[in-house]
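We use all heavy atoms of the structure for the numbers below, so side chains are in, but hydrogens, waters and symmetry mates are not. In what follows, chains carry the letters A, B, and so on, assigned in the order in which the sequence lines appear, proteins first and then strands, with residues in each chain numbered from 1. Values in this document were obtained by computation on a predicted structure and should not be read as measured data.
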Protein chains: 2
Amino acid sequence: MNTQKRSGVSISAVERDTGLGKDTLRVWERRYGFPTPHRDAIDERLYPPEQVEHLRLIKRLMDQGKRPGALLRLPVAELHAQLAQLRAEKNQTETEDWVLPLLKRHDVDQLRHELAQRLARDGLDRFVTETVPALNRLIGDAWMNGDIGIFEEHLYTEVVQNQLRSLIHGLANRGKRPHVLLTTVKDEEHLLGLLMAEALLAANGAWCLSLGAQTPLVDIAGAARGTTIDIVALSFSGAYTWRKARAALIELRQLLPEHTELWAGGEALVGRGKTIPGVRTLERHEDIGPALAQWRATHETHFVKMDATKQLGETLRRGKK
Amino acid sequence: MNTQKRSGVSISAVERDTGLGKDTLRVWERRYGFPTPHRDAIDERLYPPEQVEHLRLIKRLMDQGKRPGALLRLPVAELHAQLAQLRAEKNQTETEDWVLPLLKRHDVDQLRHELAQRLARDGLDRFVTETVPALNRLIGDAWMNGDIGIFEEHLYTEVVQNQLRSLIHGLANRGKRPHVLLTTVKDEEHLLGLLMAEALLAANGAWCLSLGAQTPLVDIAGAARGTTIDIVALSFSGAYTWRKARAALIELRQLLPEHTELWAGGEALVGRGKTIPGVRTLERHEDIGPALAQWRATHETHFVKMDATKQLGETLRRGKK
DNA sequence: GTCAATCTTTTGTCCTAGACAAATTGTAAA
DNA sequence: TTTACAATTTGTCTAGGACAAAAGATTGAC
């Protein structure tokens with residue numbers, strides 16, 4: 001009965017957990033000889049946990065720009081070494097080490113308190129552009145190393161999200177321009193990046209409208225069409241591939257009215273030098289402020305020029321909202 | 001070259017837009033003869049827009065419980081008729097008809113204002129148990145009816161969720177008992193029900209800890225094990241089937257420590273007379289208050305009497321279910 | 001030396017058609 | 001009415017092969 005009753009997870013579970021497509025997993029197995037899942041009674045792939053972990057490691061490095069062909073021949077130890085080196089290059093001596101003990105102790109109240117304190121001390125801008133990303137990396141690393149479980153990760157996400165939400169709540173810029181529509185596309189359920197963007201936009205005086213996660217493309221376009229939305233902003237986490245993000249952005253760009261700008265940010269987009277026509281890629285959080293300023297500059301002259309013409313009425317109507 | 005240069009979208013775009021998997025799309029084509037995408041130069045499927053629309057229609061009816069086999073043989077007109085009929089069956093005279101015009105006008109600020117006003121007028125309890133559910137039904141019907149799009153639905157959800165979150169934020173019951181862990185299981189991404197429950201629990205003096213959506217079962221159990229959690233509360237939306245919910249609850253019950261209670265609520269659970277051993281099913285929001293009171297009563301005596309006889313405590317625990 | 005154009009390798013996604021289990025529905029017996 | 005079993009429906013998995021888009025390497029012009 002238990003002759004090598006090795007357990008494992010299905011290919012769809014691995015796709016969900018690692019962000020690597022089913023096709024990709026199969027083709028890697030064929031080409032590189034890894035992963036090597038065993039099979040269940042009906043010959044379907046069963047990935048042992050350590051291989052899933054291995055795959056996650058590879059994905060992590062790919063997200064940093066490495067290419068799979070080389071990574072797949074390397075042993076786990078070497079992958080860890082590469083990650084360590086990357087971390088060293090970035091030379092981010094993480095000072096936020098207070099968070100892990102609190103998380104492990106499940107001390108939510110204290111966690112909330114500490115976050116609030118840091119927010120008050122550093123100000124919103126620095127909190128969102130530095131503190132939270134630093135914490136995210138810390139948590140990500142800790143999870144990868146097995147220091148914390150999914151429970152602690154959920155917990156952290158929930159607490160930070162709440163902090164950001166209440167922050168945003170106090171920043172409603174009724175009627176101010178530009179009007180920004182925020183959301184994520186299908187299969188992208190990470191809200192944290194979106195909330196961080198929303199906080200920064202709101203802090204810079206934009207009027208934000210968040211649709212939450214996973215709005216279908218046609219509906220985003222429909223929303224932009226019927227409303228006073230100036231900018232559509234999308235967030236892509238590291239779980240999303242650059243290819244997919246690119247495809248979605250190109251398609252959405254075609255669906256959107258020409259006067260609506262399309263901004264995109266998130267881990268999936270950093271590092272590529274490439275630009276997508278008609279899409280503004282914001283690689284770092286710090287870019288949001290300047291981008292907004294630039295939008296305002298462009299559209300101020302636009303408004304001025306229009307003053308002479310009959311479009312003034314429309315401008316006023318839109319501006320009032 | 002341009003003999004019928006009909007354009008269309010790729011199979012992955014259709015997957016993203018409709019929520020139907022690639023495999024499913026291909027197997028439908030094979031089995032039922034629909035959809036019938038034409039092919040591009042390299043023989044890949046290109047779906048014309050009207051077929052994508054047709055597919056979305058089918059998906060909508062499937063979400064209402066219809067099965068694909070029948071729907072795929074029906075013409076578009078008939079699908080529309082079915083949607084209309086479903087809407088007619090649900091025909092409830094709702095009094096909250098102020099919300100639809102606001103939504104259609106995308107007047108978010110006014111929507112927020114009206115909600116806040118109703119909350120102040122009716123009080124938290126009535127707001128959560130009556131107003132919000134009534135609005136939910138209204139929105140659901142309007143969506144099925146085609147009166148509003150997914151955009152408006154997201155918008156509504158987002159605004160109400162924000163309202164609830166800021167409400168909960170002001171109700172932190174540090175350290176009070178019971179400690180309730182709230183979350184949803186895998187494949188259940190609707191947060192609204194969870195937030196409504198959290199608001200009511202917090203209003204009744206419970207200390208709540210929300211993990212957001214889709215926590216794996218083992219991690220829920222792990223969380224309950226290492227902490228002071230008294231009750232694990234799960235929410236199942238109407239999109240979830242009763243069978244799946246039941247299976248998940250039974251499995252989770254086995255994973256949880258015996259002294260941790262398991263509560264479950266949501267549309268997926270109402271109407272069935274069935275009970276699940278070891279699980280407290282809360283069919284209506286109004287049940288939350290009494291359930292909490294009962295927990296407190298039991299555990300007060302429990303604490304007192306436990307000193308006398310160990311066995312009594314266990315008897316109480318078991319007898320309650 | 002720098003930049004652009006071209007060739008080569010890498011890599012992800014799509015293709016076909018068959019198979020099977022999980023979920024649902026239909027039917028018969030208790 | 002419920003319970004048990006059989007029939008259907010339905011989604012997801014399998015196999016290699018194929019090809020274009022992206023990335024890396026090489027060449028040529030200035």
* Can you tell me the distance, in whole Å, between the CD atom of B/E15 and the C1' atom of C/dC14? => 12 Å
* Under the side chain to side chain contact (heavy atoms under 4.5 Å, CB included) test, residues paired with A/R280 that sit two or more places apart -> A/W263, A/L282, A/A291, A/Q294
* Pairs flagged by salt bridge (Lys or Arg N to Asp or Glu O under 4.0 Å) wherever residues 66-84 of chain A is involved - sequence neighbours left out -> none
Sequence neighbours excluded and cut-off under 3.5 Å, please list the side-chain donor-acceptor pairs for residues 16-24 of chain B, or say none.
from, atom 1, to, atom 2, distance (Å)
B/R16, NH2, A/E251, OE1, 2.2
B/T18, OG1, B/V14, O, 2.7
B/T18, OG1, B/L20, N, 3.1
B/K22, NZ, B/E15, OE1, 3.1

* Structure fact -> Hits for side chain to side chain contact (heavy atoms under 4.5 Å, CB included) against A/P48, two or more places apart or cross-chain, chain-then-number order -> A/H38, A/E50, A/Q51
* Asked: How many Å lie between CD1 on A/I58 and P on C/dT10, as a whole number?
  -> 17 Å
* Asked: Can you check the A/L25 CG to C/dC14 C1' distance for me, whole Å?
  -> 16 Å
* Residue closer to the 5' end of DNA chain D, A/E29 versus B/I42 (nearest nucleotide) -> A/E29
* Structure fact -> Taking five pairs at each terminus, the helix from C/dA17-D/dT14 to C/dA30-D/dT1 shows an axis bend, to 10°, of 10°
* Asked: Please give, in whole Å, the distance from D/dT9 C1' to B/K66 NZ?
  -> 17 Å
* Structure fact -> Taken in chain and number order and not counting sequence neighbours, the residues that satisfy salt bridge (Lys or Arg N to Asp or Glu O under 4.0 Å) with A/R45 are A/E29
* **Rounded distance (Å) that lies between atom P of C/dA19 and atom CG of A/D40** => 17 Å
* Qualifying residues under side chain to side chain contact (heavy atoms under 4.5 Å, CB included), relative to B/A264, sequence neighbours excluded -> B/F236, B/L249, B/L269, B/V279
* Under 4.0 Å from any atom of DNA chain C, heavy atoms only: list the residues of residues 245-255 of chain A that qualify, in numerical order. => none
* Just do the salt bridge (Lys or Arg N to Asp or Glu O under 4.0 Å) check on B/D219 and B/R225 with the steps written out, would you? => CA-CA 10 Å; B/D219 296 286; B/R225 202 177 309 276; over 6 Å; no
Are there any protein N/O atoms within less than 3.5 Å of an N/O atom in nucleotides 11-13 of chain D, and if so, which ones and at what distance?
from, atom 1, to, atom 2, distance (Å)
D/dG11, OP2, B/W28, NE1, 2.8
D/dG11, N7, B/R31, NH1, 3.2
D/dG11, O6, B/R31, NH2, 2.6
D/dT12, OP2, B/T24, OG1, 3.3
D/dC13, OP1, A/S12, OG, 2.2
D/dC13, OP2, A/K22, NZ, 3.2

* Asked: In whole Å, what is the span from the NE2 atom of B/H38 to the P atom of C/dC14?
  -> 16 Å
* **Test side chain to side chain donor-acceptor pair (under 3.5 Å) applied to B/R284 - qualifying residues, sequence neighbours left out** => B/D287
* Identify, between A/G69 and B/R67, the residue whose nearest nucleotide on DNA chain C lies closer to the 5' end. => A/G69
* Could you state the CG-P distance from B/L46 to D/dA20, rounded to the nearest angstrom? -> 14 Å
* Asked: In whole Å, what is the span from the CZ atom of A/R39 to the P atom of C/dC20?
  -> 14 Å
* Please identify each residue that fulfils ring pair (Phe, Tyr, Trp, His ring centres under 6.0 Å) with A/Y47, with sequence neighbours left out. => none
* Asked: Is any side-chain N of the basic residue among B/D141 and B/R137 closer than 4.0 Å to the acidic one's carboxylate O?
  -> no
* Going by the ring-ring contact (aromatic ring centres under 6.0 Å, His included) test, which pairs reach into residues 48-79 of chain B, not counting sequence neighbours? -> B/F34-B/H54
